[in-house]
Every structure is written in structure tokens, then in C-alpha cells.
Trainee: 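Next up is a structure, given as C-alpha cells.
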Amino acid sequence: MSKITNYIAGELRPPSAGEYLDIIEPATGEVYAQVADSTADDVAAAVEAARDAFPQWSHMPAAERSAILTRIADLLEQNAEDLARAESIDTGKPLKLARTVDIPRAVNSFRFFAAAILHAHSESHATDYQAINYTLRRPQGVVGLISPWNLPLYLLSWKVAPAIATGNTAVAKPSEITPVTAHRLAQICMEAGLPSGVLNIVHGTGAKAGASLVEHPDVNTISFTGGTATGEVIARAAAPKFKKIALELGGKNPNIIFADADFDEVIPASLRSSFANQGQVCLCGSRVFVEQQRYDEFVERFVTATRKLKIGDPLEESTDHGAQVSQAQLDKVTYYVELAKDEGGEILCGGRQPDAVSERCKNGYFFEPTVITGLGVECRVNQEEIFGPVVTIMPFESEDQVADYANSTKYGLSASIWTQNLTRAHRLAERIDSGTVWVNCWMLRDLRVPFGGMKSSGVGREGGAEAMRFFTEPKNVCIKI
Ligand code: TXE
């Protein structure tokens with residue numbers, strides 16, 4: 001059985017304690033590989049390698065760093081099909097989704113930041129006729145990057161690319177559930193000639209490897225994407241040491257549909273925003289609000305379209321809907337569907353595991369796309385993040401009412417508004433507490449814009465200029481003239 005090892009000081013190294021964790025293919029429920037179960041010693045070795053690499057890497061001209069990042073992007077692109085397949089097997093997501101979203105976006109992350117560092121400018125401020133200030137931006141040093149399982153390569157690249165582009169060296173801890181494409185990234189970095197120690201990847205559990213990275217005294221910057229509860233643990237550990245943190249956490253995003261919206265666009269887009277990656281995208285619109293006059297029509301058309309989604313082996317080209325990532329996620333989804341029934345919800349479609357989608361996948365973690373109506377905004381199913389293929393649909397009567405509904409959870413990551421009335425869209429976008437509001441679209445991304453959440457959806461922003469700022473420390477020099 002293949003074993004995934006750590007990437008430390010430019011080489012692939014087995015974990016120091018010799019322990020490994022099983023990796024399960026979600027579509028089959030079978031163990032198909034193993035990954036290093038690293039300890040604090042492995043993390044310490046990775047941090048040391050990153051510390052040693054920092055002086056040279058941070059002083060390398062931006063054009064040279066840029067060329068190396070571009071080579072990484074090129075190699076990712078050349079290996080796109082293999083990577084997409086690996087990601088599909090590792091996560092249970094349809095191959096066509098990995099091919100069209102995860103891998104191209106990972107390539108773009110490296111390409112974008114390779115270009116961005118060539119265009120970075122610095123600031124200078126003249127203070128009346130007394131002084132000139134200029135602000136230097138220097139890399140932080142060794143940064144810790146912790147990423148989740150839902151979009152493993154993309155979300156890792158989203159952190160690694162800006163961190164190393166701006167001259168930091170990094171220790172990354174990918175999710176232990178889906179480590180395969182991170183391992184491929186390590187191999188690609190070696191092939192691309194990334195100097196040893198600039199990026200180190202330590203695999204293992206959050207409790208051991210992840211916590212050791214957060215606590216390491218030489219790592220003063222942490223960028224984390226994952227669950228809100230984990231984010232709280234990390235914030236607590238980082239606070240007494242005054243570490244700089246960015247937390248990208250969960251969401252319970254509203255998808256708001258006015259009666260004047262173009263339903264021919266809204267229905268397919270809402271299907272994607274509800275069920276993409278089996279509902280395991282932090283940006284999924286899990287609460288759908290439809291203006292009263294067209295509520296019945298929406299429900300009918302949406303349920304009909306949901307029933308047509310093809311659940312199947314993620315590796316089949318025709319599959320729209322694959323497996324949940326783990327038994328734990330499947331149990332969580334099942335729990336919330338039962339809770340919805342207890343809370344008075346009506347399950348209009350889905351709500352159960354499908355019959356075996358194929359002989360190969362008979363023990364996989366599949367769950368049917370599920371549509372629920374009849375629940376109030378305050379019930380637990382509408383307040384807590386499920387992170388699965390479960391959406392609730394609720395009617396609303398006015399703009400004020402839907403603004404209150406949208407803001408009624410502790411989360412504030414993203415929202416979608418569907419209407420032909422753009423004045424209303426602007427007005428409502430301003431009122432909704434979320435880091436991103438999409439109007440007549442969903443998950444359209446521009447790497448230059450700030451990305452992150454309000455309230456319990458996170459702290460700090462990633463994305464283009466924000467990421468470049470996060471990974472660098474400003475220092476002002478004031479010269480009297
Ligand atoms: O994520 P975790 P889990 C949500 C979603 C899901 C829930 C839990 O609701 O059901 O989170 O998922 C590492 N110190 N999202 O448990 O635990 C861990 O090893 C340092 C939303 O799988 O947050 C992994 O690398 N690191 C989300 C990473 O944190 C720790 C995507 C994320 O794992 C750690 C995924 C610790 N104490 C889940 N504990 C999104 N916003 O996209 C864990 N980790």
C-alpha cells in the first residue's frame with residue numbers, strides 16, 4: 001500500500017515516529033493508502049528547515065521567485081488530469097468538478113501571485129514640509145498554513161502561493177483526510193526547483209501535527225481554513241503568543257431569490273450553489289429564500305431539477321453528485337436530516353442514502369441531494385452549518401424581512417441575490433452581513449478581491465492584495481527633512 005510521507009528540507013521524509021494513518025476512498029469506504037501521522041518532532045524539523053531557507057529566499061529577487069512559482073503552475077497544469085483524478089479519488093467529488101474547478105484554480109493561484117509580486121508597489125507619504133515616510137513591507141518569516149479537505153489542492157495553493165511569493169517560507173499541514181494532492185504538490189515543487197525548505201508539508205492529525213504547528217514559537221503567522229470550532233481552538237492557542245492569524249471558517253449562506261429573477265438562470269445556479277461538491281463548499285447557499293409570489297413555482301422546478309442530478313461513481317464522466325468525504329460527514333448529514341424532521345420540516349426529495357450506485361461503490365458515503373421546506377429561520381437546521389447536500393427553502397414577503405432572515409445566523413461568509421432590480425440588489429448587498437455578496441451569480445471569483453467572512457465565519461481576509469498584506473509586515477521609516 002502506498003505511503004505518503006512528509007516534505008521537509010526539500011526531500012520526502014517518513015514521519016520520525018514511523019506511524020501512519022489510513023486514507024479511505026469515500027466512494028468505496030476502502031482504505032487505499034496511508035499518510036504520515038506526524039508528531040511535534042516532525043513539525044520542529046520542518047520549521048527548522050523553513051527557518052534555514054528564509055534568509056536566502058526572502059532576499060531572492062522577486063523575478064526569480066516569480067519564475068519558480070510560474071514553473072510550479074506550469075507543472076500543475078501539465079499534470080492536471082492526473083491531479084483531478086487523484087483529487088476525485090481522495091475526496092469523493094465528481095472527476096469533472098475536480099477537473100473544472102479545483103485543479104485550474106490551484107494553477108491560477110500560483111500564476112496569479114507569481115505575477116502579483118512583480119507589480120507590487122510601496123507607499124510613501126510626505127508630511128507637510130517636515131518629513132517623508134516610506135513603508136517597507138517585509139515577509140513575516142516562517143508561516144503556518146492549515147488547510148481542509150473539501151477543496152484540498154485549491155485551498156492549499158490559495159495559501160502557499162501568496163505566502164512564498166512574498167518571500168516567506170512555510171510549513172503546511174493539509175487535512176489528514178485528503179492528503180494526496182498535497183503530496184503531488186511537494187513532488188512538483190521539487191521538480192520545479194523550489195529551493196529546499198521554502199515549502200515544507202507535514203501530514204497528520206490536527207490535534208498533533210496541526211496543534212504543534214500553531215504552538216511552535218518560531219511560527220508567528222497562521223493562516224487556517226476549516227471548521228469554526230477548530231478556528232476557535234487555534235485562536236485561543238495563538239492569542240497569548242500574539243500570533244497573527246487569518247481564519248476562514250464555516251458559513252450558512254443565504255441564497256435570496258426575488259420574483260423578478262430569471263428562473264432559467266436561477267434554477268441551475270441554485271442547484272450548483274446548493275449541491276456542488278455534495279454541499280461541502282463553505283460558500284454553498286444552504287438557505288434558499290424565495291419571494292412569496294413565486295415560491296411554489298420555484299420549489300416545484302427546483303425539486304424536479306434536483307431529482308435529475310445523477311448520483312454515481314465520482315470517476316464516471318456522467319456523475320453530477322459523488323460521495324461525502326467521510327463516514328463522519330455522512331453521519332453529520334444524516335443527523336441533521338433527522339433533526340429537520342423533528343423540527344417539523346418536510347423532506348421533498350432525498351433525505352437518505354441512495355441504493356448502491358455501483359458494485360464498486362456499494363459501501364461509499366453517498367447521500368441524496370435533499371430539499372426541505374416548512375422550517376422556520378430560527379430552528380437548528382437553519383442555524384448550524386451542515387456542510388452537506390441539504391438545503392432548506394423558505395418564502396419571504398419583503399426586502400426588510402429577507403434582510404433579517406439572511407442576517408439571523410452567527411455566520412457571515414457569503415450571500416447570493418437574484419433580481420432584475422439592481423437598485424434593490426445594491427441596497428440589500430449593503431445590508432447583508434457577509435464577506436462576499438454575489439448578484440445574479442454564485443462563486444464567480446476574481447483573485448484580486450478580498451475574501452473571507454464576518455462574524456463566526458472568520459477573521460481577516462485572503463485574496464490578492466489582502467493576502468500580500470497578510471503575509472508581509474509593514475514597517476514605516478520617517479525621515480525629517
Ligand atoms: O475540519 P477541521 P473537519 C466545517 C464543516 C465540517 C467541520 C469539521 O462544517 O463539518 O468544519 O470538519 C486541522 N490545531 N468545514 O473536522 O477539524 C485539520 O487537521 C490545528 C468548513 O474536517 O476544521 C485540518 O487540516 N489544526 C471548511 C484542518 O484543521 C487543526 C472546510 C481543518 O479541519 C486542529 C472543512 C487543531 N487543534 C470543514 N484541529 C470550510 N470553511 O471550507 C484540526 N486541525
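Along the sequence shown, the residues carry numbers beginning at 1. Whatever order the structure lists them in is the order used to number ligands and atoms, beginning at 1.
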Trainee: Do S16 and D41 get their side chains close enough for a donor-acceptor pair, meaning under 3.5 Å?
Mentor: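 On atom types as modelled, these side chains do not qualify, holding no pair under 3.5 Å.
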Trainee: Distance under 4.0 Å to a non-hydrogen atom of Q329: what atoms of ligand 1 satisfy this?
Mentor: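 Ligand 1 atoms under the 4.0 Å threshold to Q329: 6 (C), 10 (O).
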Trainee: For atom 42 (O) of ligand 1, which protein heavy atom lies nearest, and how many Å away is it?
Mentor: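 Going atom by atom, the protein heavy atom closest to atom 42 (O) of ligand 1 ends up being N150 ND2, 3.1 Å.
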Trainee: Which ligand 1 atoms, with their elements, are less than 4.0 angstrom from a heavy-atom of C282?
Mentor: 40 (C), 41 (N), 42 (O)
Trainee: Any donor-acceptor pair under 3.5 Å linking the side chain of K252 with the backbone of N382?
Mentor: no
Trainee: Using distance alone, decide if ligand 1 has a nitrogen or oxygen within less than 3.5 Å of any nitrogen or oxygen in E176.
Mentor: yes
Trainee: Near V233, which atoms of ligand 1 are under 4.0 Å from a heavy atom of that residue?
Mentor: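 Once the distances to V233 are compared, the set is 37 (N).
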Trainee: Of V143, I245, L145, which is the lone residue that meets side-chain contact (heavy atoms from CB on, under 4.5 Å) with I222?
Mentor: I245
Trainee: Which ligand 1 atoms does L249 reach within 4.0 Å, using its non-hydrogen atoms?
Mentor: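 Contacts of ligand 1 toward L249, numbered from 1: 41 (N).
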Trainee: Does at least one non-hydrogen atom of Q280 fall below 4.0 angstrom from an atom of ligand 1?
Mentor: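 The answer is no: ligand 1 sits nowhere under 4.0 Å from a heavy atom of Q280.
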Trainee: Distance to 0.1 Å, residue and atom name: give those for the protein heavy atom nearest to atom 28 (C) of ligand 1.
Mentor: S147 O, 3.6 Å
Trainee: Among all protein heavy atoms, pick out the one at the shortest distance from atom 20 (C) of ligand 1; state its residue, atom name and that distance to 0.1 Å.
Mentor: G210 C, 3.3 Å
Trainee: Under 3.5 Å, side chain of E385 to main-chain N/O of G251, donor-acceptor pair present?
Mentor: yes
Trainee: Just to confirm, does any protein heavy atom lie below 4.0 Å from atom 33 (O) of ligand 1?
Mentor: no
Trainee: Can you tell me the protein heavy atom closest to atom 13 (C) of ligand 1 and the distance?
Mentor: I146 CG2, 3.7 Å
Trainee: Would you please indicate yes or no on a ring centroid separation below 6.0 angstrom for F289 and Y405?
Mentor: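 Y405 vs F289: aromatic centres under 6.0 Å.
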Trainee: Tell me, with the steps shown, if I188 and F110 meet side chain to side chain contact (heavy atoms under 4.5 Å, CB included).
Mentor: CA-CA 12 Å; I188 282 172; F110 282 97; over 6 Å; no
Trainee: Give a yes or no on whether a salt bridge exists between E77 and R111, defined as a side-chain N under 4.0 angstrom from a carboxylate O.
Mentor: yes
Trainee: Taking only non-hydrogen atoms of P174, do any sit less than 4.0 angstrom from ligand 1?
Mentor: yes
Trainee: Could you give me the CA-CA distance, side-chain angles and deciding distance for T181 and D90, then say whether side-chain hydrogen bond (donor to acceptor under 3.5 Å, both in side chains) is met?
Mentor: CA-CA 8 Å; T181 45; D90 214 21; 5.3 Å; no
Trainee: Cation over ring, R272 on W438, under 6.0 Å and within 45°?
Mentor: no
Trainee: Supply the atom-to-atom distance K3 NZ to H183 NE2, rounded to the nearest 0.5 angstrom.
Mentor: 12.5 Å
Trainee: Is there a side-chain contact between E176 and I23 (heavy atoms, below 4.5 Å)?
Mentor: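 When only atoms from C-beta onward are counted, I23 and E176 do not touch, as no gap falls below 4.5 Å.
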Trainee: Any side-chain heavy atom of I68 within less than 4.5 Å of one from R65?
Mentor: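 The answer is no; the side chains never approach within 4.5 Å.
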Trainee: Checking a contact table here: which protein heavy atom is nearest atom 12 (O) of ligand 1, and how many Å away?
Mentor: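 Looking at atom 12 (O) of ligand 1, the protein heavy atom closest to it is W149 NE1, 3.7 Å.
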Trainee: To check your reading of the model: name the closest protein heavy atom to atom 30 (C) of ligand 1, its residue, and the distance in Å.
Mentor: G206 CA, 3.4 Å
Trainee: State whether R360 and E25 are salt-bridged, where the test is any N-O pair (Lys NZ or Arg NE/NH1/NH2 against Asp/Glu carboxylate O) under 4.0 Å.
Mentor: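 The answer is yes: the pair qualifies as a salt bridge.
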Trainee: Need the ligand 1 atom indices (1-based, order shown) with element for anything under 4.0 Å from a heavy-atom of E385.
Mentor: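 Result: 4 (C), 5 (C), 9 (O).
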Trainee: I'd like to check atom 16 (O) of ligand 1 in this structure: does the protein have a heavy atom lying under 4.0 Å from it?
Mentor: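 No, there is no protein heavy atom closer to it than 4.0 Å.
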Trainee: Does the protein put a heavy atom under 4.0 Å from atom 8 (C) of ligand 1?
Mentor: no
Trainee: Can you sort out which atoms of ligand 1 are near A211, meaning under 4.0 Å from one of its heavy atoms?
Mentor: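 So the answer, numbered in order with elements, is 14 (N), 20 (C).
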Trainee: Does an N or O anywhere in A207 fall below 3.5 Å from an N or O of ligand 1?
Mentor: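 N/O-N/O distance under 3.5 Å: no.
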Trainee: In terms of atom number and element, which parts of ligand 1 are under 4.0 angstrom from non-hydrogen atoms of T230?
Mentor: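 This gives 2 (P), 17 (O), 23 (O), 30 (C), 34 (C), 39 (N), 43 (C), 44 (N) as the contact atoms.
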Trainee: Which ligand 1 atoms are under 4.0 Å away from a heavy-atom of P148?
Mentor: 31 (C), 35 (C)
Trainee: In the protein, which heavy atom is nearest to atom 29 (O) of ligand 1, and how far is it?
Mentor: F224 CE1, 3.2 Å
Trainee: Looking only at side-chain N and O atoms, does R380 offer a donor or acceptor that is under 3.5 Å from a partner on Q383?
Mentor: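 No - no donor-acceptor pair under 3.5 Å links their side chains.
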Trainee: Can you report which non-hydrogen protein atom sits closest to atom 10 (O) of ligand 1, along with the distance?
Mentor: K332 NZ, 2.6 Å
